[in-house]
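Scroll down for the structure; my scribbles are underneath it.
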Amino acid sequence: MSKIHVTTSVNGDPTEFLCEADETLLDALRDRLGMTGSKEGCGTGDCGACSVTVDGRLVCSCLMLGAEAEGREIGTIEGMAEGDTLHPLQRKFIEHAALQCGICTPGLLVAAKSLLEKHPDPTEEEARYWLAGNLCRCTGYDKIIRAVMDAAQEMREAS
Amino acid sequence: MALDDKQQYQTREFKVVGTRVKRPDGVDKVTGKARFGADMSAPGMLIARVLRSPHAHARINSIDTSAAEALPGVHAVVTRADFNEITDDDFTADILDNCMAGDKALYDGHAVAAVAANSPAVAKAALKLIKVDYDLLPHVTDVDAAMAKDAPVLHEGRTNESVPDGMSPNVLARYEFGHGDIEAGLAKADRVIERTYKTEATHQGYIEPHACLASMGPDGQADLWCCTQGHYMVRNTCATIMGLEQGQLRVTASEIGGGFGGKTTVFLEPVALALSKKTGRPVKMVMSRSEVLRATGPTASSSIDVRIGMTKDGRITAAFAELRYQGGAYPGSPVEFGSMSAFAPYDLENVKTVGWDVVTNRPKQAAYRAPGAPMAAYAVESAIDELAKGFDLDPLAVRLKNAAREGTKASYGPTFPAIGLEATLRAAKDHPHWTAPLGENQGRGVACGFWFNFGGDTCVTLNITPDGTVTVSEGNPDIGGSRASMSMMAAEELGIPYEQVRTIVADTGSLGQNEVTDGSRVTFAVGLATIEAARAAKREMCKRAAMVWGIEEDAVKWEDGAAHPAGENAGKHPPMTLKDIAAVASNTGGPIAGHHEANPEGAGVSFATHMVDTEVDPDTGAVKILRYTVFQDAGKAVHPDYVEGQFQGGAVQGIGWALNEEYIYGDDGVLQNAGFLDYRIPVASDLPMIDTVILEIPNPGHPYGVRGVGETSIVPPLAAVSNSVSEAAGVRLTQLPMSPPKVLSALHSK
Amino acid sequence: MVQVKIWGSLAAMTDDQTEIEIEASTLRELLDGLAGKYPGLKPQLDRGVSVAIDGRVYNDGWFTPIKPDSEVVLLARLKGG
Amino acid sequence: MQYLAPTTVEEAVSALASHSGDCRILAGGTDLLVRMRSDMADPDAVVDLKRIDAMKQITPEDGGWRIGAAVSGAEMGEHADLVADWPGVVEATNLIGSTQIQGRCTMAGNLCNASPAADSVPAMVAAGAVARVVGPDGTRVVPVEEIPTAPGRTSLEKGELVDAIILPERGARGGDAYLRFIPRTEMDIAVVGCGVSLTLDDDGTCTAARVALGAVAPTVIVVPEAADALIGTKVDDAALDALSAACSAAAKPIDDKRGTVDFRVHVAGVLAKRAAVIAKKRAGGAA
């Protein structure tokens, strides 16, 4: 089997990797690039722990081939903070105790960021439906939704 | 160790405890830097995969691994033949058999072989080259069917002395608890109801699959990285299985992506060690979600008969329950805890429970949050609700009338000390939720729940650094913010700011034995040890101050983060702060640390009352959760955010159990829903906010009054949701999950 | 002597008594005494028990003191999740 | 496995036609990758359609719409004119999976995956959509209901692929809707699905209707009796009851892990009624 050479951009960094044709983007990120912030909870697109953006669009990286990343712009949890400044969502997740074990947190943050880019003023129901593909087993979602709504408000006020 | 007087609860004003500080691992977890089980790699690492039985029950005649071994890139294959048999320890022998099948595959998903290769693709390809010769055997997956005399038999000779003669060999143990005279009590009742309830098995559903990285050398030393609720348990269990000395196996706990009891045992770790031993290379193993559902966890399924008598004014005169739990293919369903906890919330003159532990061709059950209690509470609380409604009595008033309180002889034997059940019921009655109006097709349900909590072996070391900051090392994986709680208790005790303390989870080489993170024990037991370690450090720091001041040790007291001279003869000295003392530690005898090793007993029991509103779609049977409020006693809430989080998380797991989660087996005994698509855990859009009311009835057995809070919150919701749905639907439901086809069928049967 | 309450299904091993008397002043003496007086209890004691002494649950502490008037209840060994 | 990413339809067809092994189309991949992951598919090659510009377009055509085979559900939802014409088709497509799945899944993929429970298919069928099939022998146009022939099987020949779904002109006073039943509020496969499309005349009488059901037979089915129950009526309660009965009668489901026969039969009627009410409202009918 010969590997595929992929040239892409991850969090703004020009990035190249070699991967098998049937290897997922998630595996390429984690195993080829050492970016283990995206998690595999199911491998079948049901839990959202592997959420990334591709050309700005929220997707499950477990349901995309690494080879498909050629020429795309990939955004992951590792690119969410700017230097040592946390994204407001990251800050609010900590402040609201919106994580217990934290395994779903990277995926939820990537998904929530995508929500707020598209809907800066979501209703609670919109937030809950947007995030329905991100399973959390610890929190019952209460504090997660509160953190997202609070971050949305802060970001609206700041803009 | 019994608690000495100094460890008893004392009323006090807290400065740090009870505030909502930021957790120390927060930044790592929101930036993706935190390292979980599957996030570790090692140089030269191999990847391992497991071959699993596709059959529910089969004799393994032979396993031919030669073709797999011959595949380029494959470094080793292991089967049960690569493990020493354990003959003197049934408990560990069962764990080994569950990790790697012996002469029989006992359930769909049972591991039969494992391959280590230089890539995942090669490992996967190698699995297909392993030839297993099976003889299929008849199987049974239902608990009642497994108890039938002619049921397929999993094991001969595992039944213990408590089981009467003549039962199926699948019935392994019998438990009986209670006091009084049931028949005499029932005779005094105005109404007696007799019902049978069934619950399906549910999985803990942690989002992080099991993962580990093992490295073992020919010198008998080994290192293991894994996601677990207890790395000391992993060390001890793996050492026994691998014939290693415990001191030669160092286990480091990764960050853990949820456990809920499901990570209190081992599944992969011995296999990874065996492969590493055979290959001389580090070996990484990560389960898929399907493997997690097929071969780890779940909890027991149950079938429960209840008989309760009540007078028309709501007094329970007698209560009986017979509980049948299947715990998968090995002994140890949590039926004894179901039997002990079923009627624990009530003050009953006549009460009896009988529990049966049964094996079936399903994965070995693992502990799940208050193991055994939710299903028992579901049955009992459903029956009490039905009786109360039959007499047109307020269900909260009925529960208050019968509530266990201080001095009540518990249904499982002991007399309760101060407990918080009444407080939760009164808080529920006074809450606006209780009197909020309901619409058409809506119902409101309440239920109570109980859990024991316990202590266990615990070690904490608290070090004072030269600059006067404090590091706390504990041995319990932090599953929901416990590092924050330990830092808070250390800061409280030392009288310093929270930010001055950092708590870490140390590896097995760094501390003595620690019980698993389970039994809601960590905030209680590790907290207690942290406080004691801080007290030891304070004593040492007072001694150092006394040296500096040239006075007697007992003339120094610790207050507000500093040593002060105390008493008439101490002289006038300005206080020495922790930082001042740390700065001269080298000059006054060397580094300063406090440590505490103990097996604290005396964890306080915990009670909760839950209230939930639901709406039932009369045309489809769909259930919507409209409003949910948890009332629970926390003893003392060290970090209220994380206490609320435990209440909310437990409630939502219970909602899932009540509504849509279930193990679905086909006639072939194969699990049909081994994925998050059809194993339906609640999603964000299924739920409202989960309101919480924290009550604080101090545990006399902890210096700050702490009780475990993690488990009780999953006990009431099954019944609370069922009582609510039954009211909304106008028909009583007696089986979980209340999936829409079941609810619709009940509606049609009205 | 302390009065020990055992759970119902163990009574088959204790001549149908659910309350039995044992000479003991510590938990260890209690457990040894139970096994000595009622050998039928030994398998369960080996599998593990917890003991409630005056309403508080103990799993392991051999030298936990027991007073003659203590309420002592044998429980299935507690586990958690 | 080989990964092929052609940039023209011709290249895609030629790759598909000439490959000797198991060669699969990769549109959104939200079904294919799950199958590969669970060892239900082990293709020798995949042909990724997303580098073909034409397949990424939503184009007005003959008063209706041509939706390329690589257009994601999210892109459809963001297309205001398409949503205005065919809200039922778009909302059905938008029900497939999570927000993350929406970023990838396609209507053509949903059709060719040939699941009887596919959400977008009953809505497409009700809308009278056709699939444009390209292959080595040229292009043909096929009613979408003729593509799936059984669970996981299609009528496509070797080398053929669906390059676009074509929705007809909506016309005045038309409306469509799709409803499905799932146990949770999101993330489940439809236990029953129902698409209804109808046209009203000026006085609110239904002049044309199509009704399709999902997850009650080996393929999505058209229910002419259900349409007949609506045509010529004002879509009043009596007509809705007749529609509901016709749908329940047409449902021939199985018991499985997602639902029972009785449940599906009953709920097919319930959903049909509810979907028809929405479609009628969208067509400008009186409540």
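Letters A, B, ... are given to chains in the order of the sequence lines, protein chains preceding strands, and every chain is numbered from 1.
Both the backbone and the side chain of B/Leu677 come within contact range of chain D, each with at least one heavy atom under 4.5 Å from a heavy atom of that chain. Of the two parts of B/Asp686, the backbone and the side chain both hold a non-hydrogen atom closer than 4.5 Å to a non-hydrogen atom of chain D. Both the backbone and the side chain of B/Thr620 come within contact range of chain D, each with at least one heavy atom under 4.5 Å from a heavy atom of that chain. For B/Ser739, no part lies under 4.5 angstrom from a heavy atom of chain D. Contact annotation for D/Arg258: both backbone and side-chain heavy atoms come within less than 4.5 Å of a heavy atom of chain B. Neither the backbone nor the side chain of B/Ser745 comes within contact range of chain D; no heavy atom of the residue lies under 4.5 Å from a heavy atom of that chain. Proximity to chain D is limited to the side chain of B/Asn660, based on heavy atoms less than 4.5 angstrom apart. Looking at D/Asp255, there are no atoms closer than 4.5 Å to chain B (heavy atoms on both sides), in backbone or side chain.
Below 30°, between 30° and 60°, or above 60°: for B/His203 and B/Tyr663 the angle between ring planes is below 30°, a parallel geometry.
Your options are D/Lys257, D/Met187, D/Glu186, and the one with the most heavy-atom pairs under 4.5 Å with chain B is D/Lys257. With chain B as the partner, the residue from D/Leu271, D/Val270, D/Val34 showing the most heavy-atom pairs under 4.5 Å is D/Val270. Between chain B and the residues D/Ser38, D/Pro183, D/Gly97, the largest count of heavy-atom pairs under 4.5 Å involves D/Pro183.
Using a cutoff of 4.0 Å between basic side-chain nitrogens and carboxylate oxygens, D/Asp39 and B/Lys124 are scored as salt-bridged. A salt bridge is defined here as a Lys NZ or Arg NE, NH1 or NH2 lying under 4.0 Å from an Asp or Glu carboxylate O, and D/Arg274 with B/Asp619 meets this definition. Here D/Asp44 does not pair with D/Arg24 in a salt bridge; the nearest charged N to carboxylate O distance is not below 4.0 Å. Salt-bridge annotation for B/Arg680 and B/Glu661: absent, with no side-chain N of the basic residue lying under 4.0 Å from a carboxylate O of the acidic one.
Within the structure, salt bridge (Lys or Arg N to Asp or Glu O under 4.0 Å) contacts touching residues 100-115 of chain D (residues at least two apart or in different chains) are A/Glu68-D/Arg104. Sorted by first and then second residue, the salt bridge (Lys or Arg N to Asp or Glu O under 4.0 Å) pairs with a member in residues 740-750 of chain B form an empty list; sequence neighbours excluded.
The local environment of NZ in B/Lys198 is crowded, with over 12 non-hydrogen atoms from other residues, nucleotides or ligands closer than 6.0 Å.
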